[in-house]
Each structure stands twice: as C-alpha cells, then as structure tokens.
Amino acid sequence: MDDIPGTIRENSAVIPGYYRLTVRLERPLGEAVPGQFVMLKVPDREIFLRRPFSIYDARGTTVTVMYRVVGKGTEALSRAGKRAPVMVLGPLGRGFSVPPTGVCLVVAGGIGYAGVRMLLKRLGKRAVLFLGISGRTELPLLSDLKGIEVLTATLDGSHGYHGNVVSLLKEHLASYRSQGPTVFACGPRGMIVSLKGLLDADKVPCQVSVEERMACGLGLCFGCVAETKDEINPLKRVCKEGPVFDLWELSL
Amino acid sequence: MDDIPGTIRENSAVIPGYYRLTVRLERPLGEAVPGQFVMLKVPDREIFLRRPFSIYDARGTTVTVMYRVVGKGTEALSRAGKRAPVMVLGPLGRGFSVPPTGVCLVVAGGIGYAGVRMLLKRLGKRAVLFLGISGRTELPLLSDLKGIEVLTATLDGSHGYHGNVVSLLKEHLASYRSQGPTVFACGPRGMIVSLKGLLDADKVPCQVSVEERMACGLGLCFGCVAETKDEINPLKRVCKEGPVFDLWELSL
Amino acid sequence: MGTLAVDLLGKALKNPVMNASGTLGYGIEIEPLWNIETLGAYVTKGLSEKPHHGNKTPRVWEERHGMINSIGLQNVGVDDFFSHYFPFFVERKVPVIVNFFGFSEDEYISCARKVPSHHLVVALEMNLSCPNIKKGGISFGKDAPAVHNIVRAVREVTPVPIIAKLTPEVKNIVEIARAAYEGGADGLTLINTMPAAVIDTRSRNMPLKGGLSGPILKPIALRAVYDCYKEVPIPIIGAGGIMDAEDALEFLMAGARAVEVGTATFADPFAMPKIISGLGEWLDENNCAGIAAITGIAHG
Amino acid sequence: MGTLAVDLLGKALKNPVMNASGTLGYGIEIEPLWNIETLGAYVTKGLSEKPHHGNKTPRVWEERHGMINSIGLQNVGVDDFFSHYFPFFVERKVPVIVNFFGFSEDEYISCARKVPSHHLVVALEMNLSCPNIKKGGISFGKDAPAVHNIVRAVREVTPVPIIAKLTPEVKNIVEIARAAYEGGADGLTLINTMPAAVIDTRSRNMPLKGGLSGPILKPIALRAVYDCYKEVPIPIIGAGGIMDAEDALEFLMAGARAVEVGTATFADPFAMPKIISGLGEWLDENNCAGIAAITGIAHG
Ligand SMILES: Cc1cc2nc3c(=O)[nH]c(=O)nc-3n(C[C@H](O)[C@H](O)[C@H](O)COP(=O)(O)OP(=O)(O)OC[C@H]3O[C@@H](n4cnc5c(N)ncnc54)[C@H](O)[C@@H]3O)c2cc1C
Ligand SMILES: Cc1cc2nc3c(=O)[nH]c(=O)nc-3n(C[C@H](O)[C@H](O)[C@H](O)COP(=O)(O)OP(=O)(O)OC[C@H]3O[C@@H](n4cnc5c(N)ncnc54)[C@H](O)[C@@H]3O)c2cc1C
Ligand SMILES: Cc1cc2nc3c(=O)[nH]c(=O)nc-3n(C[C@H](O)[C@H](O)[C@H](O)COP(=O)(O)O)c2cc1C
Ligand SMILES: Cc1cc2nc3c(=O)[nH]c(=O)nc-3n(C[C@H](O)[C@H](O)[C@H](O)COP(=O)(O)O)c2cc1C
Ligand code: FES
Ligand code: FES
C-alpha cells in the first residue's frame with residue numbers, strides 16, 4: 001500500500017455519465033487483488049475528501065478506474081483534464097478470493113461492473129458475467145472486455161433478457177449447479193438483497209462487494225461500516241475488512 | 001457604479017513583487033475620478049472576499065491596476081494568467097478633488113504610487129510627484145509616466161534624495177508656497193503621520209488616500225472605518241466617505 | 001409559475017429572501033447596483049437606543065470560505081434611523097425588520113419602545129448575542145432564563161412582533177429557542193456569527209477576534225434550524241453562509257420560512273437578486289406551486 | 001537545529017504532534033504507510049468500559065473544507081484495547097493518551113479505573129461531549145458544575161493525569177475549562193467537533209447530523225485556545241482543522257503546548273509526518289531553539 005502521485009493520462013466518457021480514467025503514477029501501484037480499491041484525490045480544491053473507486057485495471061505505472069458521475073466529487077473528476085495531478089492511495093481493502101475450482105458467476109449491476117472487471121480478467125474462461133444495465137446504450141461499457149461469456153439483462157428490454165439481472169441469473173442458475181458455482185457480485189444494495197433471496201435456499205457460496213461512504217479508506221475513521229453476523233463486533237469496516245464480504249456473513 | 005465581468009489581458013511583474021494588471025471588461029467602467037478604486041474578484045476559489053485596488057488607468061473597456069504582492073490574495077492574483085475571468089466592481093468611493101488653481105504636490109510612498117497615478121495623468125504639468133521608494137530598482141514603476149516632474153527619495157540613497165519622501169518634501173515645500181500648493185498623498189500610515197507633522201504649522205491643504213481592510217467596498221459592512229474629527233459620527237467608511245479624506249479632518 | 005411569496009408574522013413578503021443584519025448598510029448603499037424592492041424585506045443594521053461607534057480596525061478578516069468581523073455594532077441610533085433612513089423604505093413600500101440590541105435590559109426596552117408600529121415594520125429582530133454590561137458581561141442570549149426574561153420585558157413594551165436572533169455559542173440552541181418562544185417571541189432568526197479568532201504566524205500575534213460568518217457557518221446553522229423546527233412552533237428565519245439558491249433551499253427544507261443572506265453580498269453584491277431568481281427557477285423546474293410549501297420538508 | 005521536543009504532563013514527547021482521537025483507528029492501521037513512532041504520542045480511539053457498536057451509516061459526509069461524522073463512538077472497549085492493542089505501542093515505546101467516555105458517571109469511573117498507570121500512558125483524555133443518559137441526556141461537558149463533578153470523580157479513582165477534552169457547543173468555553181481545572185484536570189484538549197447537519201435538496205431530506213471537523217473548525221478552535229490560555233494555568237492541546245505546519249503553529253502561538261491532527265489525515269494520510277517535518281523546518285528558518293518556546297507568543 002502506498003500513496004502515489006500521478007497525472008491523468010486519459011479521462012473520457014465511455015457513454016454519457018460513465019468515465020474511464022487512466023492515471024500514470026510515479027511508481028507502480030502495489031500488487032492488487034481483484035475487488036480492491038483506491039482512494040483518489042480529485043484534482044479540485046473544493047473536494048476535500050478522497051473518493052473510493054475499484055481498481056479496474058493496473059499494469060506497470062498506470063492504474064485505471066471506471067466511474068459514474070453521481071455527485072460533486074465525480075462531477076469534478078469528470079472535468080479534470082489530461083495531466084491534472086491526482087494522488088492514488090492503494091491498493092486498499094480485502095478483495096475477492098477465488099476458489100481453486102468451479103465456475104464463477106459474476107453478477108454486476110450498472111457501474112458495479114467496474115468492481116468486477118479486474119476479477120473477470122483474472123478468471124478468463126472460468127467466468128460468466130451476468131450484467132444488469134438499463135438499456136443497450138450502456139453496452140459500450142464492456143467494449144474493452146474480451147474473451148468472457150456475457151449474459152445481459154436490460155431493464156428496458158432493448159438487449160438480451162428483459163428484466164433485472166437477478167431474474168436473469170435465476171433462469172440460468174440451475175444449469176451451473178453441477179459445476180460447483182461461486183457467485184461474485186457488485187451492484188446496488190437492492191440487487192444484493194434480491195440476490196441473497198435467490199441464493200438463500202441453497203446457500204450458494206457468494207462474495208459481494210459492498211459500498212459505503214468513506215472518509216479515509218484506511219480503517220482509521222470507522223465511517224464505512226457494514227453490519228455482519230459477527231456477535232462481538234458486528235460492524236465491520238468496508239474499507240478494511242471489506243469491501244468484499246461473504247454474503248452469508250452480512251446482515252442485509 | 002457597476003459589477004463588470006472581464007478577462008485578464010495582461011498581468012505581469014513591472015519589478016519583482018509589483019504587478020500591473022489590465023482587464024478587458026464586458027462594458028466600460030463608469031466615469032472614474034482619480035483616487036477611486038475597484039473591488040476585484042481574484043480568479044481563485046480560495047480567495048473569498050474581493051480586494052480593493054486604486055484605479056491606475058481606465059479607458060474604453062479596459063481598466064488597469066498596479067499591485068504589490070503582500071499576502072494570499074495578491075499572491076493568488078499574481079498567479080492568474082491571461083484570459084482568467086475576474087469581476088470588477090467600481091468605480092468606488094470618493095476620489096481626490098482638484099482645486100481650480102495652484103500647484104499640486106503629489107506624495108507617494110511605494111505602491112502608494114498606484115493610488116495617485118491617475119491623478120498625475122489628469123494634472124499633467126500642474127503636478128510635481130514626490131516619490132518615496134526603497135531604491136533605484138523600484139524606478140521602473142514609473143516607466144509609463146510621461147511629462148510629469150518627479151523628485152525621488154530613496155531609503156538606500158541609490159537614486160535622488162537619500163532619505164524618506166516627507167523629508168524630501170520638507171526641503172522643497174517653501175519653494176512652492178507662493179504657488180498656492182495643495183498636497184495629495186498616498187502611502188503607508190507612517191508616511192501620512194509624518195506628512196501631517198510637516199504640514200501642521202501652516203495647515204497646507206492636503207488630501208490623503210487611506211487604506212483599511214475591506215469586506216464589501218460598498219459601505220455595507222462598516223468594516224473599513226477611519227477615525228475623523230466629526231463629533232457625531234467620527235468613524236467614517238474608507239470605502240464610501242473615503243478613501244480620500246481631508247488630512248485635517250482625520251484623527252491620526 | 002410558482003410563487004415566491006411567503007407570509008411572515010402576518011405580513012405578505014414578495015419572496016423569502018432578505019439581507020442579514022449589518023451586511024447591507026442602511027439599505028441605500030446598494031441602490032447603485034439594484035433596487036431594494038428586490039428583497040422580501042430589509043433587515044436594519046443593528047440599532048441601539050443611542051448611537052454607537054464600534055470597534056477599532058482591523059474589523060474584518062478573510063477566512064477560508066468565510067470571514068471574521070468585529071464591527072462592534074456601530075450604528076446611528078434608532079431615532080436617527082427612523083428620521084433619516086426609514087422614509088426611504090416607506091417610499092418604496094419595502095417591509096422592514098428592525099434589528100436592535102442593548103447592553104442592558106433598559107437599553108433593549110427603550111430602543112424597542114422607539115420603534116413605531118408602522119405597517120411596513122414586520123418585526124423587531126432582537127440580537128441576543130450582546131453582553132449584559134450591568135450583569136458582568138454575561139450574555140443575554142446564552143441562558144434560557146435570561147432569554148426568557150429579556151424577551152418578555154421587550155414583549156411588554158411593544159405591540160410589534162418580536163423575532164429572537166440567537167447566537168450559536170450556547171450549550172443547547174433548542175432550549176434557548178424555546179425560552180425565547182415562552183418569553184413571547186413570535187419568530188426566531190438562526191443564527192448569528194460564531195466566535196472565532198485569527199492568528200498571524202508572520203507577525204506572531206492575534207490580529208482579530210470576532211464573529212465567524214460565511215459558508216463555513218452553514219452546516220452549524222442548518223443544524224440549528226433543523227433541530228428547532230420541530231421543537232418550537234414559531235416561524236424561523238435561517239441565516240449562516242447562504243451563498244446561492246441551493247443553500248437557501250437547504251435552509252427552507254430544514255425548516256426556515258425565510259432566509260437572510262449576509263456575507264455572500266460581500267463576495268458578490270448581486271448574490272441576493274441571484275438567489276431570488278434561482279428560487280423562482282427551482283419552483284418552475286420542480287413544478288412547485290409555492291416556495292412556502294417546502295418549509296420543513298426535510299423532516300419528512 | 002531547534003528541537004521539537006515538548007514536555008507534556010511530565011512526559012517528554014519527541015514532538016508536539018499527535019492524532020486526534022478517533023481519526024487514526026487503533027494505531028496499527030497506518031503502519032503500511034508510516035511508523036507510529038513518528039508521532040509525539042498516539043491518542044486512542046474513544047474507549048468505554050464496554051464495547052460500543054456506534055451509529056448506522058451514513059456516518060460521514062463531506063462538507064466544504066470539512067466533514068461531518070456520526071460514528072457514534074464505536075470501540076472495542078477499554079479492556080480489549082489494553083490486551084490487544086496497547087502492547088503494540090509498548091513494543092515501539094510510543095507514549096499513549098487514552099481517550100475515553102461514558103454515558104454515566106459510573107461508566108467514566110469504571111473505564112478510568114481500568115486504565116493502568118503505565119510509564120507510556122501520558123494521560124487520560126476525557127471526552128466530555130457525551131450525553132449523560134441517567135440525567136436525561138444532558139451533556140457532561142456543557143455546564144461548569146457538571147464538568148467539575150465528573151472530572152473530580154475521575155480524579156479520585158486514578159493517579160494518571162487527566163486531560164479534559166471540551167466541546168465548543170457551550171456558552172463560554174473558558175468557564176468550562178476553568179471548571180475542569182478546578183475539578184482536578186491536568187490539561188485541556190480544545191476542541192471536539194461542533195454539531196452540524198446536512199440537507200440534501202435532491203432527496204429533500206437530512207441524511208446526517210453529527211460533528212463538524214476539518215479546516216472549517218479552525219477559527220473557532222483557535223479562539224478557544226487563545227481565550228483559555230491566559231485564564232487557565234494548565235497545558236492545552238489544540239485541535240480543530242489543522243492541515244499543515246502553518247496551522248499547527250497558529251495553535252501553538254495561540255497557547256497550545258501540543259496539537260492533535262484529525263480530519264487532515266483523511267485528505268492526506270501523510271499529513272502528520274509532513275506537519276512534523278514542517279515544524280522542524282520552521283524552527284530552522286526562524287533560528288528558534290525549540291518549539292516549546294512559541295507556546296502562547298501571540299499573547300505578546
Ligand atoms: C469500495 C468502493 C468502490 C467503489 N468503486 C466505484 C467504481 O469503481 N466506480 C464508481 O463509479 N463508483 C465506485 N464507488 C462509489 C463511488 O465512490 C461514489 O460514487 C463516489 O464516492 C461519489 O462521490 P460524489 O462526490 O460524486 O458523490 P456525493 O455527492 O458524495 O454523493 C452522490 C451520491 O452518491 C452516493 N455515494 C457517495 N459516496 C458513496 C460511496 N462511497 N459509495 C456508494 N455511494 C456513494 C451518495 O449516497 C449519493 O447518493 C465505490 C465505492 C466504494 C466504497
Ligand atoms: C482603497 C484602497 C486602494 C488600494 N489600492 C491598492 C493598489 O492600487 N495597489 C496595491 O497594491 N494595493 C492597494 N491597496 C491595498 C490592497 O488592497 C491590499 O494590499 C490587498 O487587499 C492585500 O490582500 P492580500 O490578500 O494579498 O493580503 P492579506 O493576506 O489579506 O494581508 C497581507 C498584508 O496586507 C495588509 N492588508 C490587507 N488588506 C489591506 C487593505 N485593504 N489595505 C491595506 N493593507 C491591507 C495586511 O494588513 C497584511 O499586512 C488598496 C487598499 C485600499 C483600501
Ligand atoms: C459585517 C457584519 C456585521 C454584522 N452585524 C450584525 C448586527 O448588527 N446585528 C446582528 O444581529 N447580526 C449582525 N451580523 C450577523 C449577520 O446578520 C448574520 O447573522 C451572520 O453573518 C451569518 O450570516 P452570513 O453567513 O450569511 O453572513 C453581522 C455580520 C457581519 C458579517
Ligand atoms: C471520524 C471522527 C471520529 C472521532 N472520534 C472521536 C472520539 O472517539 N473521541 C473524541 O474525543 N473525539 C473524536 N473526534 C473528534 C476529533 O478527535 C477532533 O477533536 C476533531 O475532529 C477536530 O479535529 P480535526 O478538525 O483535526 O479533525 C472524532 C472526529 C472524527 C472526524
Ligand atoms: S473509510 Fe475510514 S474506516 Fe473505512
Ligand atoms: S468595506 Fe464594507 S463598509 Fe467599507
């Protein structure tokens with residue numbers, strides 16, 4: 001883990017409102033596990049705290065994240081131009097742990113894709129991506145993902161399955177049962193809750209990446225807790241003990 | 001009076017630490033009297049309040065000020081580049097009032113020159129400038145002043161009279177007595193105080209431009225008062241009833 | 001198109017935006033830039049029974065996103081205001097809120113007595129941040145019983161509605177607000193400046209101690225408005241760091257019926273006209289019939 | 001070269017910089033970035049007699065130049081701290097200030113009792129911002145008599161020096177500081193967060209109420225330090241919005257013997273090491289023999 005100065009190399013909209021940001025760092029980011037994240041100092045003096053983003057890609061002295069503009073921090077970030085200075089703190093948190101065998105069903109809702117993209121790259125042919133988006137206009141988000149089997153659910157029915165991604169998974173889940181599936185998920189809370197409903201009967205192994213507002217990203221402030229079933233210390237720090245948690249240990 | 005958007009056309013150091021800033025305005029600044037000032041919005045979001053600067057020159061849709069870097073506001077201003085957006089509120093305050101006849105002895109200490117430069121231009125041959133600077137390196141401040149008689153005092157003796165500007169004036173004052181002199185002054189408080197000592201015996205007519213920290217520049221906040229001999233309302237707003245005051249009405 | 005009109009203490013204001021006391025001079029100073037009729041109401045500079053000279057300079061200091069002032073309540077006195085400045089507002093039919101203070105109970109009372117019960121005088125805004133010189137400098141506005149007593153004392157001498165303006169330098173602003181209400185206040189202004197100081201490391205001294213205002217104050221002010229709204233059943237005027245229409249909306253949603261804008265005017269003299277038109281646009285964009293309806297909606 | 005060493009309550013600290021309670025976890029979390037030995041002392045997360053779970057999320061919110069938190073004092077409890085985390089500081093010989101709290105006088109007392117009188121334990125830092133649940137939620141830290149009593153009660157059960165950490169949400173912080181001193185406090189930490197709230201105009205609700213910290217707090221904190229320095233004869237630790245060495249110097253000049261840095265670490269995890277080296281550079285540039293000599297020089 002390190003806090004590394006860098007400059008923006010690319011920061012462009014993939015589709016309106018969704019950006020891919022590549023930063024050239026002064027030194028390489030330490031070895032990252034898929035699901036880990038960085039705290040990014042937005043190059044705007046009005047933005048006081050850093051913002052957490054999943055590591056989308058990291059190679060040599062570059063690191064890439066994909067983000068959706070949702071508020072003042074991401075808004076300011078989207079305005080940052082080439083060569084703007086940033087600070088990248090990471091890699092942070094506990095990422096996904098991939099079992100030695102079995103099929104990996106990766107469920108991503110919207111920008112949640114950014115949180116599993118590195119995992120997908122690592123898994124390669126072992127992975128199947130179940131992607132939930134609102135419509136076909138969001139398909140370009142996957143433009144740089146090659147060699148992965150993708151099943152898409154769109155809310156407006158404009159591509160693939162018409163409905164939400166958990167319903168899509170439901171249609172296919174049985175067919176993977178024989179391959180010892182593990183589910184990996186990243187997306188809005190609503191998606192995680194219904195995923196839990198789907199997997200509950202068989203308690204399919206499932207790891208989910210959780211989001212909470214963060215101040216430090218380092219486990220210093222206890223601002224980002226998620227409730228678990230741990231009886232002594234139920235409230236775990238998403239940035240330290242997470243962001244990836246075993247679905248069956250979370251209290252949702 | 002108006003609050004006019006503009007962009008920086010030139011902002012360069014005349015000598016180290018002293019800048020001349022020319023702004024191109026969206027519309028012309030209203031008719032200005034020498035000694036009036038503008039409140040300038042520094043193009044830096046960390047600078048919250050505007051800063052007051054004497055009108056150095058104003059013609060058509062441009063306005064010029066000269067400033068010395070003394071703190072965070074002028075420091076930020078000195079970093080502003082061409083085309084940076086500024087807001088210019090003015091002309092503000094009460095300027096100098098020039099008597100119909102008589103010689104005009106204009107006393108300026110350091111950056112106080114910026115406060116009398118427009119006056120000098122208006123007065124032309126009627127004026128004699130007594131300039132107090134620390135040394136000859138500051139002479140370029142006058143580079144754009146033509147056709148005015150200048151007597152210079154330097155603290156280090158590197159040019160003209162060796163000493164402060166009030167002592168210099170003292171040496172010459174008697175020689176102007178027959179010409180019905182009026183004194184105009186702008187400079188540090190210490191200069192004004194010793195000027196008062198010099199002129200006290202004869203109560204030579206004298207107008208001085210006073211400086212105080214300002215928040216609004218419009219007479220709204222009463223932040224910028226100077227003490228006068230007015231018995232009912234001794235504390236006058238420098239931005240509204242000043243910045244030019246009759247020396248003999250001030251309590252120094 | 002939605003309406004910006006709000007009712008404040010029985011008077012109809014054309015919009016909920018007014019200046020904060022002490023930040024728009026005597027009102028006439030802004031005329032070269034925009035008309036005073038733009039405002040929902042004009043709040044006077046703090047007035048006292050007799051004229052006050054105020055403090056020495058420096059009186060103002062810039063802070064990150066705010067400022068500190070120690071004007072020291074310089075004013076021409078209440079009589080002079082009504083003879084020289086009030087006619088200007090009457091001529092333009094602008095409602096006036098008379099901010100006033102005293103350094104003793106007697107001073108508050110005699111000042112309030114001098115304020116006429118004119119149809120344009122919306123209310124007396126009592127600045128309760130003043131130290132009570134007679135009682136060893138203990139502030140009028142920091143103890144519930146003291147607030148109750150001073151408000152009641154003023155209540156008894158004037159038919160004009162009373163708005164208690166509270167300082168945030170208290171241990172529990174809700175308790176103080178309640179005391180003002182029980183003492184007879186008809187409204188609250190939340191909040192006045194927060195005591196603060198500057199240290200200058202170059203000169204190694206403390207150039208100025210005074211009241212902090214501006215954006216830096218907003219989260220503290222919002223919390224005061226939010227907490228008092230449910231607990232005290234009188235209208236609230238929100239103040240503290242309002243810079244734009246969005247800030248004003250935050251105060252209205254937290255529970256304010258109207259807002260006062262102070263320091264913003266120093267950074268941008270057109271801040272208030274911009275806030276007023278910004279609120280109008282917001283109503284339209286949100287298909288909202290009237291601004292009055294959003295007071296307190298953050299409480300659900 | 002000047003020395004950064006300061007004496008605090010009889011212990012020699014290598015420099016006057018420490019973390020503010022609750023902003024450096026249990027100390028070990030920062031190790032991947034820099035060593036805890038860098039600090040003059042480590043201040044624990046607020047500890048209580050029994051473990052506490054704290055509040056629901058959102059617990060943090062960004063403000064202009066600051067943040068609001070409502071962590072709710074989540075902690076593992078004082079026993080767990082001393083068995084699991086304290087050995088880490090002992091091993092590294094890092095002085096520790098034990099911040100603690102309770103929701104009743106009994107809780108304060110039993111927590112303080114559990115803190116061993118170890119040579120590395122510089123002091124107990126009493127967080128006096130807590131509501132007294134037994135007494136209807138009235139805060140321990142807002143009334144002079146209550147402060148006097150709770151400090152005295154803790155004083156009687158422990159030989160460890162006591163630092164009273166005060167909230168700015170009081171009517172007169174000097175009076176509270178004096179009460180702490182008279183109750184037996186050996187030092188003061190000024191200040192804790194200031195209550196504040198956020199309104200979200202898009203969702204039209206109030207997502208978070210909590211304590212304001214960061215640069216936005218600095219002028220308020222400086223004023224508290226400045227005012228208490230002359231009035232209360234015990235060392236002061238300054239806290240509130242310290243972001244760089246310049247800010248730290250302001251607190252020292254206002255009267256602090258040492259400083260605590262909180263929120264800055266979230267914006268820049270190296271803030272404290274940078275402040276420490278910045279102070280060293282300042283000493284050299286100013287030919288100053290030791291940082292201890294600048295405490296209070298703004299008072300002339
Ligand atoms: C471990 C982790 C990894 C993340 N990875 C990505 C990523 O790869 N790409 C991406 O676009 N976003 C990611 N996020 C979410 C991202 O951090 C937030 O969208 C961002 O911080 C919002 O900042 P803002 O200032 O624009 O929004 P704000 O103005 O602060 O808030 C706008 C909205 O965003 C929500 N929000 C704010 N902060 C967070 C947060 N930390 N988590 C979830 N929602 C938040 C708010 O509740 C609000 O509705 C991640 C969050 C976490 C915790
Ligand atoms: C009517 C008027 C006209 C002025 N004209 C000019 C001019 O033409 N050229 C020029 O260089 N300066 C002029 N000044 C002074 C100028 O406004 C200040 O130097 C500037 O505001 C300092 O801002 P800062 O943020 O850099 O300094 P700060 O960081 O705020 O302060 C740095 C130093 O400057 C002093 N200072 C700050 N504000 C003022 C002020 N308003 N007046 C005097 N001293 C101040 C402070 O006491 C301090 O010593 C004028 C001031 C007034 C009131
Ligand atoms: C220069 C100045 C003068 C003030 N004078 C008064 C006053 O006379 N009476 C009063 O009640 N409040 C006074 N205040 C406080 C403001 O009315 C207002 O409550 C406070 O500044 C917070 O609002 P703001 O952040 O929008 O400025 C003054 C504030 C400033 C900045
Ligand atoms: C996330 C967070 C947690 C805090 N927890 C505590 C605590 O447990 N006990 C305490 O006395 N103060 C606590 N504080 C207050 C800080 O110790 C400090 O007094 C305050 O934040 C002001 O300093 P700063 O502006 O440098 O952060 C906390 C502050 C923050 C931001
Ligand atoms: S964000 Fe600070 S502990 Fe997780
Ligand atoms: S600067 Fe506001 S009255 Fe002069």
Side-chain angles (χ1 to χ4, degrees), chain A residues 1-5 30-31 38-42 44-52 70-76 86-93 189 210-228 230-242 251, chain D residues 19-34 45-46 51-77 80 198 200 202 207-208 210 213-216 241 243 262-271 273-274:
Chain A
M1 186 199 311
D2 194 359
D3 192 25
I4 314 174
E31 195 64 49
V38 295
M39 292 292 283
L40 201 103
K41 169 114 199 92
V42 176
D44 183 312
R45 274 184 298 178
E46 292 288 298
I47 305 300
F48 184 72
L49 297 173
R50 297 182 181 211
R51 297 292 191 276
V70 297
K72 62 177 184 168
T74 45
E75 160 70 40
V86 294
M87 293 292 297
V88 177
L89 174 65
L92 301 170
R189 195 184 158 85
V210 170
E211 291 194 2
E212 271 300 336
R213 279 184 178 259
M214 293 184 171
C216 71
L218 289 164
L220 305 175
C221 74
F222 284 72
C224 63
V225 295
E227 201 175 334
T228 67
D230 185 306
E231 271 169 27
I232 297 171
N233 287 310
L235 295 168
K236 301 292 184 198
R237 292 165 291 189
V238 170
C239 70
K240 185 90 184 159
E241 286 86 26
S251 299
Chain D
N19 63 294
S21 174
T23 66
L24 204 71
Y26 291 106
I28 48 169
E29 295 88 345
I30 202 70
E31 284 286 305
L33 294 172
W34 46 268
K45 205 171 160 30
H52 261 282
H53 294 341
N55 296 333
K56 289 221 175 321
T57 58
R59 286 177 167 192
V60 291
W61 204 274
E62 171 162 319
E63 261 301 325
R64 256 184 214 154
H65 285 273
M67 61 175 281
I68 299 180
N69 87 77
S70 72
I71 308 300
L73 298 165
Q74 175 172 1
N75 80 95
V76 295
D80 194 70
V198 174
D200 184 338
R202 271 177 296 186
L208 188 117
S213 64
I216 201 167
M243 297 294 287
T263 306
T265 299
F266 307 156
D268 176 3
F270 285 95
K274 286 178 188 166

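The chains referred to below are lettered A, B, ... by the order of the sequence lines, with proteins before strands, and numbering in each begins at 1.
The shortest side-chain heavy-atom distance between Arg213(A) and Arg59(D) does not fall under the 4.5 Å cut-off.
Atoms CZ and NE2, on Arg45(A) and His65(D) in that order, are 8.0 Å from each other to the nearest 0.5 Å.
Contact annotation for Asn75(D): neither backbone nor side-chain heavy atoms come within less than 4.5 Å of a heavy atom of chain A. Only the side chain of Arg237(A) comes within less than 4.5 Å of a heavy atom in chain D; its backbone stays farther off. Leu89(A) touches chain D through its side chain: at least one heavy atom from C-beta onward sits under 4.5 Å away, while N, CA, C and O do not. Of the atoms belonging to Gln74(D), it is side-chain heavy atoms, and not backbone ones, that fall under 4.5 Å from chain A. Proximity to chain D (any heavy atom under 4.5 Å) is restricted, for Ile232(A), to the backbone atoms N, CA, C and O. Both the backbone and the side chain of Pro32(D) come within contact range of chain A, with heavy atoms under 4.5 Å apart.
When all heavy atoms of Glu63(D) and Lys72(A) are compared, the pair lying nearest together is C-NZ, 4.4 Å. Between Ala267(D) and Phe48(A), the shortest heavy-atom contact is CB-O, 3.5 Å. Of all heavy-atom pairs spanning Asp2(A) and Leu33(D), the tightest one is CA-CD2, 3.9 Å. Among all heavy-atom pairs drawn from Phe222(A) and Ile71(D), the shortest one is O-CD1, 3.5 Å. The minimum heavy-atom distance linking Pro234(A) with His53(D) is given by the pair CD-CE1, 3.4 Å. Closest approach of Leu220(A) to Glu29(D), counting heavy atoms only: CD2-CB, 3.8 Å.
Note on Glu227(A), Met87(A), Lys41(A), Lys240(A): by heavy-atom pairs under 4.5 Å with chain D, the leading option is Lys240(A). Between chain D and the options Val225(A), Ile47(A), Asn233(A), Leu218(A), heavy-atom pairs under 4.5 Å are most frequent for Val225(A). Of the residues considered (Pro58(D), Ser70(D), Pro269(D)), Pro269(D) shows the highest number of contacts with chain A, using heavy-atom pairs under 4.5 Å.
With hydrogens and angles disregarded, no donor-acceptor distance shorter than 3.5 Å links the side chain of Glu212(A) to the backbone of Thr57(D).
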